[in-house]
Protein chains: 2
Amino acid sequence: MTSTTEENHLKAIYYLSKDCTKRVFTNDLADKIGSKPSSITDMVKKLSKKGLISYQKYKGVELTELGKTYSLKIIRKHRLWELFLVKHLKLGWDEVHDMAEQLEHIDSETLINRLDAFMEYPSHCPHGDPIPDANGKMRLNDNVLLSKLRVGNMGLISCVDDNSSAFLQYLNKMNIELNSEIRIEEILTYDNSMQVRVNNSMDLITLSEKAINSIYIKLIS
Amino acid sequence: MTSTTEENHLKAIYYLSKDCTKRVFTNDLADKIGSKPSSITDMVKKLSKKGLISYQKYKGVELTELGKTYSLKIIRKHRLWELFLVKHLKLGWDEVHDMAEQLEHIDSETLINRLDAFMEYPSHCPHGDPIPDANGKMRLNDNVLLSKLRVGNMGLISCVDDNSSAFLQYLNKMNIELNSEIRIEEILTYDNSMQVRVNNSMDLITLSEKAINSIYIKLIS
DNA sequence: CTCGATTTTTAGATAAGTCTAAAAATTAAT
DNA sequence: ATTAATTTTTAGACTTATCTAAAAATCGAG
Ligand SMILES: [Mn+2]
Ligand SMILES: [Mn+2]
Ligand SMILES: [Mn+2]
Ligand SMILES: [Mn+2]
């Protein structure tokens with residue numbers, strides 16, 4: 001059995017490891033979770049003893065296969081619930097992350113598999129992240145960060161990396177949503193902001209450096 | 001803010017008080033919750049300090065208006081989630097109580113009100129209990145315990161008082177469900193069991209004393 | 001009304017998860 | 001290779017929720 005806090009730590013490790021491609025360090029984990037490094041040290045010892053992560057003193061942690069399996073189960077639940085809330089309960093994509101933060105810890109394999117079936121085995125959450133299937137398989141998105149693109153590039157918004165309501169409401173205001181078509185018209189080197197055209201609209205929209213580092217694009221050209 | 005355990009204690013007090021009609025005592029609460037009397041004493045002191053119950057040493061507790069409001073919110077969430085699981089996710093009435101035991105603690109007024117709207121403001125859970133509305137109003141069921149009836153009485157099953165999967169699977173086996181028509185054919189004083197006819201079927205069904213004390217009937221005659 | 005049984009409370013202990021402050025290890029810069 | 005800055009761990013404390021064992025209060029039979 002894993003407690004809610006253990007699950008939150010596992011998930012944070014999964015995210016900070018960038019899908020298990022690098023090690024995760026104590027201070028980064030503390031920032032992500034919103035706790036103190038000393039608390040993290042205690043928790044990683046515990047998760048390590050349970051065989052969910054491998055931990056070397058002073059050298060960070062990485063998920064074991066078992067830990068990765070657990071993390072993906074939590075991520076699956078989080079994303080399925082988010083989609084249910086948006087698609088069926090008509091909540092906004094800016095409202096659902098915190099609810100899913102609670103729902104992801106509901107412990108029932110049966111329930112989540114029925115929810116998956118009810119929604120006909122969806123592939124992505126409302127923020128464009130892929131949903132692991134019942135076997136824990138997840139196809140990683142093939143997309144690029146908006147901030148890496150050049151003037152003239154075009155594409156569809158495939159994913160947003162920041163699930164805070166502040167950011168998502170900012171996108172609402174700009175009339176930007178998943179699958180909006182984006183064309184990069186100008187890059188302002190002064191503050192690294194970008195002028196983009198959304199869905200062929202007349203007027204341009206300026207996106208800050210912060211924003212374009214949280215938006216992923218599926219390139220058309 | 002109320003923790004999950006605080007909420008579970010409040011709900012248990014509500015049930016043991018029979019909808020706030022009588023005081024609730026330490027040992028009964030301990031049995032219901034599955035903890036020890038000493039733990040209950042600690043918890044009722046805490047709930048009392050928060051103004052959710054009134055507590056007199058050695059004389060049991062009762063819910064305050066605030067405590068009753070809180071309890072009904074939890075009961076509302078429990079029953080709405082149960083209905084969602086049965087009606088939309090196609091789970092059996094014998095599978096959902098434990099899941100709802102977790103879901104009832106999800107903290108979001110918006111979410112639960114949307115779920116209510118999604119199901120078009122249902123009046124009863126899959127076990128026949130009334131669902132409090134968004135204002136905390138709940139119309140109590142008008143029905144009688146099957147064990148109180150006499151030979152010749154007829155009625156529809158309106159509610160079951162025991163949400164354990166053991167009991168509900170027993171009813172499944174007997175082909176008894178909510179709204180089944182019951183006619184009492186014979187009462188065996190030897191062991192207080194009852195022979196009943198279900199939905200006018202040819203063969204009779206014997207229900208134990210234990211079972212007929214968990215089934216409520218809306219009388220026809 | 002009194003005494004024994006029952007119920008409830010108190011006292012003290014434990015486990016999980018967190019914190020602060022101090023010590024130790026690692027890393028980076030001369 | 002030292003030394004200074006940074007990172008991480010340890011030590012000790014606190015909170016919540018639980019327990020056992022013992023003390024105190026209440027109840028109920030005669
Ligand atoms: Mn999310
Ligand atoms: Mn979470
Ligand atoms: Mn139930
Ligand atoms: Mn509960």
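All chains are named by letter (A, B, ...) in the order of the sequence lines, taking the proteins before the strands, and each is independently numbered beginning at 1.
The pair K50(A)-E6(A) meets the salt-bridge criterion, with a side-chain N (NZ, NE, NH1 or NH2) lying under 4.0 Å from an Asp/Glu carboxylate O. Ion pair K210(A)/D162(A) not flagged as a salt bridge, since none of the NZ, NE, NH1 or NH2 atoms sits closer than 4.0 Å to an Asp/Glu carboxylate oxygen. In this structure, E109(A) pairs ionically with K73(A), as a charged nitrogen and a carboxylate oxygen lie closer than 4.0 Å.
Computed from coordinates, the K50(A) NZ to dA16(C) P distance equals 9 Å when rounded to whole Å. In this entry the distance linking CG of N8(B) with P of dT18(D) reads 9 Å, nearest Å. For the pair D28(B) CG and dT8(C) P, the interatomic distance rounds to 7 Å; values are reported in whole Å. For Y55(A) and dT9(D), the OH to C1' distance is 7 Å, given to the nearest whole Å. Between R23(A) atom CZ and dT26(C) atom P there is a gap of 14 Å when expressed in whole angstrom units. Put simply, CD1 on I40(A) is 13 Å from C1' on dC19(C), counting in whole angstrom units. Rounded to an integer number of Å, the gap from K45(B) NZ to dT8(C) P is 14 Å. The NZ atom of K57(B) sits 12 Å away from the C1' atom of dA23(D) (whole-angstrom rounding).
Considering only the side chain of K36(B), dC19(D) comes nearest among dT10(C), dT26(C), dC19(D). Nearest nucleotide to the F25(B) side chain, out of dT20(C), dT8(C), dC19(D): dT8(C). Taking every side-chain heavy atom of K59(B) into account, dT26(D) is the closest of dT18(D), dT26(D), dT9(D). Listed nucleotides: dT18(D), dA24(D), dT9(D). Nearest to the side chain of D42(B): dT18(D). Among dT8(D), dT18(D), dA21(C), the nucleotide with an atom closest to any side-chain atom of S38(A) is dA21(C). For Y58(A), the side-chain atoms get nearest to dA25(C) when compared with the rest of dA25(C), dT10(D), dC19(D).
Contact check, S39(A) against dT18(C): no side-chain N or O comes under 4.0 Å of OP1 or OP2.
Contact annotation for T5(B): backbone-only contact, meaning every heavy-atom pair under 4.0 Å involves sugar-phosphate atoms and none involves a base. In this structure, S35(A) reaches the sugar-phosphate backbone alone: every heavy-atom distance under 4.0 Å involves primed, P, OP1 or OP2 atoms, never a base. Among the protein residues, T26(A) comes within range of the sugar-phosphate backbone only, with heavy atoms under 4.0 Å from sugar or phosphate atoms but none that close to a base.
Remark: the backbone N or O of W93(A) is paired with a side-chain donor or acceptor of H127(A) at under 3.5 angstrom.
In this structure, SG in C159(A) is found 5.0 Å from CG in N141(A), a value given to the nearest 0.5 Å.
Along DNA chain C, the nucleotide nearest to S3(A) and the one nearest to N27(B) differ in position, and the one closer to the 5' end is contacted by N27(B).
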